[in-house]
Amino acid sequence: MPELPEVQTTVNGLNKVLKGKKITAIWSAYNSPHYKGKENIKDKKYFLRFRKNTLNSPVLGTDRVGKNILIHLKNGVTVLIHMKMTGHLLYGKYEKRKEEWEASEKGPLQDPFNKHIRLVFELNNGKHVVLSDMRKFAKVMYIKTKDLERHSDLLSVAPDSFKLSQNEFVKRLRNKKSGKIKSILMDQALVSGIGNIYSDEILFETNIHPETDIDAVDNKKLEEIWRVSRKILERGINLGGDSMSDYRNIKGEKGKFQNKHKVYRKTGERCLKKNCPGKIKRKVIGGRSAHFCNRHQKLIKTKKRK
DNA sequence: CCGCTTACCTGTCAGC
DNA sequence: TGCTGACAGGTAAGCG
């Protein structure tokens with residue numbers, strides 16, 4: 001998904017509309033035998049339990065842990081939503097036509113990327129929160145609120161750049177003895193919230209080649225990454241997230257961070273750094289597309305250790 | 001433990 | 001106009 005700024009944008013939106021509301025009905029199009037016996041609403045049996053545990057209890061508030069959305073209910077249950085690649089939550093008035101849900105009013109909610117509706121929460125004010133999720137990768141489950149921090153889904157999520165102090169951030173990354181810096185920044189167990197777009201942008205800004213081994217990145221540089229990651233993620237939040245692809249805010253509107261990309265999906269373009277004659281290259285690193293400048297992001301080889 | 005591949009899915013786009 | 005393959009904000013599981 002949606003990386004930290006997009007998840008935060010969604011959470012901010014939900015907090016404005018959801019507090020005190022109750023879910024009065026739930027409809028789901030998810031159903032896959034692949035998830036049989038798993039804690040995931042894509043398992044039909046689990047879905048029935050999910051529904052029983054989440055209906056008719058007022059929403060206390062919504063927050064974010066890494067890229068996970070948590071919706072806390074008064075009855076001691078928390079709904080966890082991970083939007084993965086193409087999921088995003090929308091709020092508005094919807095109606096069901098045959099087996100398809102449609103936004104009742106003309107506007108951004110009818111944007112094509114908002115029409116892959118897989119899950120619908122009907123609220124007691126007659127409106128709906130729906131999950132549009134083209135690729136059906138999203139994960140939705142419920143957890144007893146008091147068990148949240150012991151739950152495996154959240155235990156494996158590290159604090160994000162805003163929660164970590166500079167020292168903690170450096171210490172965490174320093175603990176990794178090897179690995180490519182881009183993959184490390186995207187490792188949610190080390191520091192959460194950063195995904196493919198923001199990692200590319202952070203490494204561009206800090207002049208680091210994405211394949212640089214963590215061993216070749218000194219502490220000063222890690223401190224800089226911490227500072228820049230906060231700056232860029234904050235910028236993403238202030239711009240309402242990144243809508244290069246599917247992501248939209250809960251009104252169905254685009255964010256604006258995609259207009260500020262310096263490298264992500266800019267293959268072949270000239271480097272935007274002042275006085276840099278470089279060109280943007282694309283290379284698959286750790287199974288993901290990395291974008292970087294071939295001049296000011298030089299690969300520095302690991303110092304050989306004995 | 002590490003890193004790579006596969007799987008979960010649907011859709012779009014480039015090239016033949 | 002098809003078809004085929006590459007690619008897409010993420011992550012878990014399986015493998016060597």
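Throughout, a chain's letter reflects where its sequence line sits, starting with A, and its residues are numbered from 1.
For the C1' atoms, the distance linking B/dC8 with C/dC3 amounts to 24 Å, nearest Å. The P atoms of C/dG5 and B/dT6 are separated by 15 Å, rounded to the nearest whole Å. Separating the C1' atom of C/dA8 from that of B/dG3 is a span of 22 Å, rounded to the nearest Å.
The side chain of A/Lys177 lies closest to B/dC2, out of C/dT11, C/dC7, B/dC2. Counting only heavy atoms from C-beta on, A/His82 has its side chain closest to C/dG10 among C/dC7, C/dG10, B/dG3. Of all nucleotides listed (C/dG10, C/dA8, B/dC2), C/dA8 comes nearest to the side chain of A/Tyr264.
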Which donor-acceptor pairs under 3.5 Å do the side chains of residues 14-21 of chain A make with protein atoms, sequence neighbours left out?
{"residue": "A/Asn15", "atom": "OD1", "partner": "A/Thr62", "partner atom": "N", "Å": "2.9"}
{"residue": "A/Asn15", "atom": "ND2", "partner": "A/Thr62", "partner atom": "O", "Å": "2.9"}
{"residue": "A/Lys21", "atom": "NZ", "partner": "A/Val17", "partner atom": "O", "Å": "2.9"}

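Close to C/dT11, at under 4.0 Å from its OP1 or OP2, lies a side-chain N or O of A/Gln188. In this model, the phosphate group of B/dG3 is approached by a side-chain N or O of A/Ser178 to a distance below 4.0 Å at OP1 or OP2. In this model, the phosphate group of C/dC7 is approached by a side-chain N or O of A/Arg282 to a distance below 4.0 Å at OP1 or OP2. A/Lys139 has no side-chain polar atom (N or O) that falls below the 4.0 Å cut-off from OP1 or OP2 of C/dT11.
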One character per nucleotide, please: for nucleotides 8-13 of chain B, 5' to 3', B when the base has a protein heavy atom closer than 4.0 Å, S when only the sugar-phosphate does, - otherwise.
BBBS--
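Side-chain N/O atoms of A/Asn12 and A/Gln8 include a donor and acceptor closer than 3.5 Å. For the residue pair A/Tyr198/A/Glu6, the side-chain donor-acceptor check at 3.5 Å is satisfied. Side chains of A/Glu122 and A/Thr24: a donor on one and an acceptor on the other come within 3.5 Å. No side-chain donor from either of A/Ser57 and A/Lys74 sits under 3.5 Å from a side-chain acceptor of the other.
Exactly one of A/Val65, A/Ile143, A/Val79 qualifies for a side chain to side chain contact (heavy atoms under 4.5 Å, CB included) with A/Leu70. That residue is A/Val65.
Per the geometry, NZ belonging to A/Lys283 stands 18 Å off C1' belonging to C/dC7, to the nearest Å. Atom P of nucleotide C/dG10 and atom CG of A/Leu131 are separated by 16 Å, given to the nearest angstrom. For the pair A/Asp246 CG and C/dA8 P, the interatomic distance rounds to 13 Å; values are reported in whole Å. Rounding to whole angstrom units, CG of residue A/Leu4 and C1' of C/dG10 are separated by 14 Å. Straight-line distance from the CG atom of A/Asn68 to the C1' atom of C/dT11: 11 Å, rounded to whole Å. The CD1 atom of A/Ile81 sits 18 Å away from the P atom of C/dG10 (whole-angstrom rounding). The CG atom of A/Asp187 sits 14 Å away from the P atom of B/dC4 (whole-angstrom rounding). If you measure from atom CD1 of A/Ile285 to atom P of C/dC7, you get 14 Å, rounded to the nearest angstrom.
Scanning DNA chain B for stems, defined as runs of 3 or more consecutive Watson-Crick or G-U wobble pairs whose donor-acceptor distances all fall under 3.5 Å, gives the following ranges: B:2-8 with C:10-16, B:10-16 with C:2-8.
Nucleic acid contact for A/Arg248: none, since no nucleic acid atom lies under 4.0 Å from a heavy atom of the residue. In this structure, A/Gly286 reaches neither bases nor backbone, as no heavy-atom distance under 4.0 Å exists between it and the strands shown. Residue-level contact check: A/Asp242 touches the bases, meaning some heavy atom is under 4.0 Å from a base atom.
Remark: A/His261 pairs with A/Phe257, A/Tyr264 by the ring-ring contact (aromatic ring centres under 6.0 Å, His included) rule, at least two apart or across chains. Among residues two or more places apart in sequence or in another chain, the ring-ring contact (aromatic ring centres under 6.0 Å, His included) test is passed with A/Tyr46 by A/Tyr142. For A/His88, there are no ring-ring contact (aromatic ring centres under 6.0 Å, His included) partners two or more places apart in sequence or in a different chain.
Ring to ring, A/His82 and A/Phe137 are not that close: their centroids are 6.0 angstrom or more apart. Centroid-to-centroid, the aromatic rings of A/His209 and A/Phe292 come within less than 6.0 Å.
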